[in-house]
Peer 1: 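Mind having a look at this structure? Questions to follow.
First listed ligand is number 1; within each ligand, the first listed atom is number 1. By convention here, the first residue in the shown sequence is residue 1.
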Amino acid sequence: MPRKILLDCDPGHDDAVAMVLAHGDPRVEVVGVTTVGGNQTLEKVTRNALAVATAIGMTEAPIAAGCGRPLVRTPELAAQVHGESGLGGVVLPEPVVALDPRHGVQLIIDTIMAADPGEITLVPTGPLTNIALAARLEPRIVERVREVVLMGGGQHIGNVTPVAEFNVHTDPEAAHVVFNEPWPITMVGLDLTHQALATPEVVADLGAVPGPVTDLLLSIIGFYASAYRDVRGFAAPPLHDPCAVAYCIDPSIVAAEPVPLDVELGGHLTTGMTVADFRRPAPEGCHTKVATVLDAGAFWAAVKGALVRLQNPSTTRAGEPR
Ligand code: PIR
Ligand code: CA
């Protein structure tokens, strides 16, 4: 049985790769996609989600637009890395997938409440605004989800400030709500995702799979790599968001350790920092884990496997006869 995941995202180059991996790997099933303002405005990232879904044949899962701005703070976009469109440098088809009329927060709640307890895993890869509001609007989801596997935060590093990561820093109050609800949470933060580097060797290996989804993936990585080189001085760019999907596909790809986690809200230099308390072994019943070590070989093999399946529609769920 594939693990059922709901992607809450702000595509975004690496969010788009997360969609490719999630749709192309039979060990997970995408039961819904919700969007959130983050890398770009809600309008732009929602259009990107619909267009990427169209390009990869992900036509079954409902896609709904969620919150357009953080709970408290002024939106900060990531146009430097993701471009004005949110998927700079990427040519996308006109969406044929229709937007679900529900608010994204409602789609999250409906999906979890309609499923069996423990069936749905939430995979947020943008600011946590929708997830926080869903927990407030329908508190019963907290004990019903299997796990929240989020890309965000970092134990030892930040990217938008020395100690804060973009998704948490954009809406730290929402992250605070999410981290302080008692559901199982795995934080796939920068310490982990900076091990998922799309090196020239990786790109050459993926490029060996012929087909249109490979072309899309290479154009995504191409723009993102030059942005990461120019803005951050990275020789190869980290593909953050698919790491959270990889953990759901096979937890042996991403090692994680239990540790208490919280979010700084009132810092002078540290707002949006995630704080992991490693002073002693995690207490009994600790509900938070932090991802530590990526099996990069297994990770890229999963991405490649997804590509192979998506080029050949007869082997994908989306391509199965109805
Ligand atoms: C990546 C992101 C934002 C800013 C930069 N500089 C790089 C986005 C990615 O989509 C990912 O989800 C997360 N936020 C990494 O911080
Ligand atoms: Ca993202």
Side-chain angles (χ1 to χ4, degrees), residues 5-22 33-42 44-46 48-49 52 66-67 70 73 75-90 104 122-131 148-172 174-175 178 186-198 220-221 223-234 236-247 254 263 271-274 291 294:
I5 64 174
L6 187 144
L7 282 178
D8 180 69
C9 58
D10 60 341
H13 295 77
D14 55 330
D15 300 83
V17 179
M19 290 174 71
V20 169
L21 177 58
V33 177
T34 52
T35 57
V36 61
N39 287 327
Q40 263 298 351
T41 63
L42 182 67
K44 291 179 183 178
V45 300
T46 301
N48 291 343
V52 170
C67 295
R73 319 241 168 188
E76 47 174 319
L77 307 174
Q80 271 196 315
V81 167
H82 296 280
E84 274 312 311
S85 71
L87 273 175
V90 181
L122 292 176
V123 184
T125 62
L128 291 155
T129 323
N130 290 337
I131 311 297
V148 180
V149 180
L150 65 94
M151 191 283 132
Q155 287 177 66
H156 304 110
I157 43 172
N159 55 6
V160 290
T161 80
V163 293
E165 179 279 331
F166 178 89
N167 292 344
V168 173
H169 188 262
T170 296
D171 196 342
V178 171
T186 297
M187 180 177 97
V188 180
L190 295 175
D191 310 79
L192 189 288
T193 63
H194 283 183
Q195 301 167 52
L197 299 171
I220 290 171
I221 294 178
F223 181 95
Y224 187 66
S226 53
Y228 247 98
R229 194 181 315 116
D230 298 347
V231 178
R232 297 291 313 280
F234 275 53
L239 288 186
H240 309 279
D241 296 339
C243 293
V245 174
Y247 175 82
V254 178
V263 180
T271 298
M273 178 181 185
T274 51
L294 178 73

Peer 1: Please find the N/O/S atom of Asp241 nearest to the Ca ion (ligand 2) and write down its name.
Peer 2: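 Of the nitrogen, oxygen and sulfur atoms in Asp241, the Ca ion (ligand 2) lies nearest to OD2.
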Peer 1: Looking at Tyr224 and Pro238, would you say the former's side chain and the latter's main chain have a donor-acceptor pair under 3.5 Å?
Peer 2: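 Answer holds: yes.
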Peer 1: Minimum heavy-atom separation for Ala22 and Ile5, please, with both atom names.
Peer 2: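 Nearest heavy atoms, Ala22 then Ile5: CB-CD1, 4.0 Å.
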Peer 1: Go through ligand 1 atom by atom and flag the ones less than 4.0 Å from a non-hydrogen atom of Ala78.
Peer 2: 3 (C), 4 (C)
Peer 1: If only atom types and distance count, is the side chain of His82 paired as donor or acceptor with the main-chain N or O of Gly88 below 3.5 Å?
Peer 2: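 Such a contact is absent between His82 side chain and Gly88 backbone.
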Peer 1: To the nearest 0.5 angstrom, please state how far the CD1 atom of Ile220 sits from the CG atom of Leu239.
Peer 2: 9.5 Å
Peer 1: Keeping Asp241 on the side-chain end and Val17 on the backbone end, is there a donor-acceptor pair under 3.5 Å?
Peer 2: no
Peer 1: What is the name of the N/O/S atom in Asp10 that sits closest to the Ca ion (ligand 2)?
Peer 2: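 Looking only at N, O and S atoms of Asp10, the one nearest the Ca ion (ligand 2) is named OD1.
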Peer 1: Where do Thr161 and Ala164 come nearest, in terms of heavy atoms and distance?
Peer 2: OG1-N, 2.9 Å
Peer 1: Tell me, which protein residue and heavy-atom name are nearest atom 7 (C) of ligand 1, and how many Å apart are they?
Peer 2: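 Answer, as residue, atom name and distance: Tyr228 OH, 3.3 Å.
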Peer 1: Can you name the one residue among Asn167, Asp15, Thr170 that meets side-chain hydrogen bond (donor to acceptor under 3.5 Å, both in side chains) with Asn39?
Peer 2: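 Of Asn167, Asp15, Thr170, side-chain hydrogen bond (donor to acceptor under 3.5 Å, both in side chains) with Asn39 is met by Asp15 alone.
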Peer 1: Check ligand 1 against Met151 and write out every atom of the ligand that is under 4.0 Å from a heavy-atom position of the residue.
Peer 2: 11 (C), 12 (O), 13 (C), 15 (C)
Peer 1: What protein heavy atom is closest to atom 16 (O) of ligand 1, reported as residue, atom name and distance in Å?
Peer 2: Glu165 OE2, 2.5 Å
Peer 1: Considering only protein heavy atoms, which is closest to atom 8 (C) of ligand 1, and at what distance to one decimal place?
Peer 2: Asn39 OD1, 3.2 Å
Peer 1: Could you report the tightest heavy-atom contact between Arg73 and Pro172, atom names first, then the distance?
Peer 2: NE-CG, 3.5 Å
Peer 1: Report the nearest protein non-hydrogen atom to atom 5 (C) of ligand 1: residue, atom name, distance rounded to 0.1 Å.
Peer 2: Val81 CG2, 4.0 Å
Peer 1: Closer than 4.0 Å to some heavy atom of Asn167 - which atoms of ligand 1 meet that?
Peer 2: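 Ligand 1 atoms under the 4.0 Å threshold to Asn167: 11 (C), 12 (O), 13 (C), 14 (N).
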Peer 1: For His240 and Asp14, test the side chains for any donor-to-acceptor distance below 3.5 angstrom and give the result as yes or no.
Peer 2: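 There is no such pair (donor and acceptor under 3.5 Å, judged by atom type) between the side chains of His240 and Asp14.
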Peer 1: When you draw lines from the Ca ion (ligand 2) to O of Thr125 and to OD2 of Asp15, what angle lies between them, to the nearest 10°?
Peer 2: 80°
Peer 1: What heavy-atom pair brings Val52 and Ala16 nearest, and what distance separates the two atoms?
Peer 2: CG2-CB, 4.1 Å
Peer 1: Looking at atom 1 (C) of ligand 1, what's its closest protein heavy atom, distance included?
Peer 2: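 The closest heavy atom on the protein side is His82 NE2, 3.5 Å.
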Peer 1: Taking 4.0 Å as the limit for heavy-atom contacts, which would you say applies to Asn159 with ligand 1: side chain only, backbone only, both, or neither?
Peer 2: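 The answer is the side chain of Asn159.
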Peer 1: Between the candidates Asp14, Leu190, Thr170, which shows the shortest non-hydrogen contact distance to atom 9 (C) of ligand 1?
Peer 2: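 Selected option, by shortest heavy-atom distance: Asp14.
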Peer 1: For Val160, which part has a heavy atom under 4.0 Å from ligand 1: side chain, backbone, both, or neither?
Peer 2: neither
Peer 1: For atom 12 (O) of ligand 1, grab the closest protein heavy atom and report residue, atom and distance to one decimal in Å.
Peer 2: Asp241 OD1, 2.6 Å
Peer 1: Would you mind running through ligand 1 and noting each atom that sits below 4.0 Å from a heavy atom of His240?
Peer 2: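 Taking each heavy atom of His240 in turn, ligand 1 has 15 (C) under 4.0 Å.
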Peer 1: When you measure from the side chain of Asn48 to the backbone N and O of Pro11, does any donor-acceptor pair fall under 3.5 Å?
Peer 2: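 Pair found, side chain donor or acceptor close to backbone of Pro11.
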Peer 1: If you measure every N or O of Tyr224 against every N or O of ligand 1, does any of those distances drop under 3.5 Å?
Peer 2: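 In fact, backbone or side chain, Tyr224 has no N or O that close.
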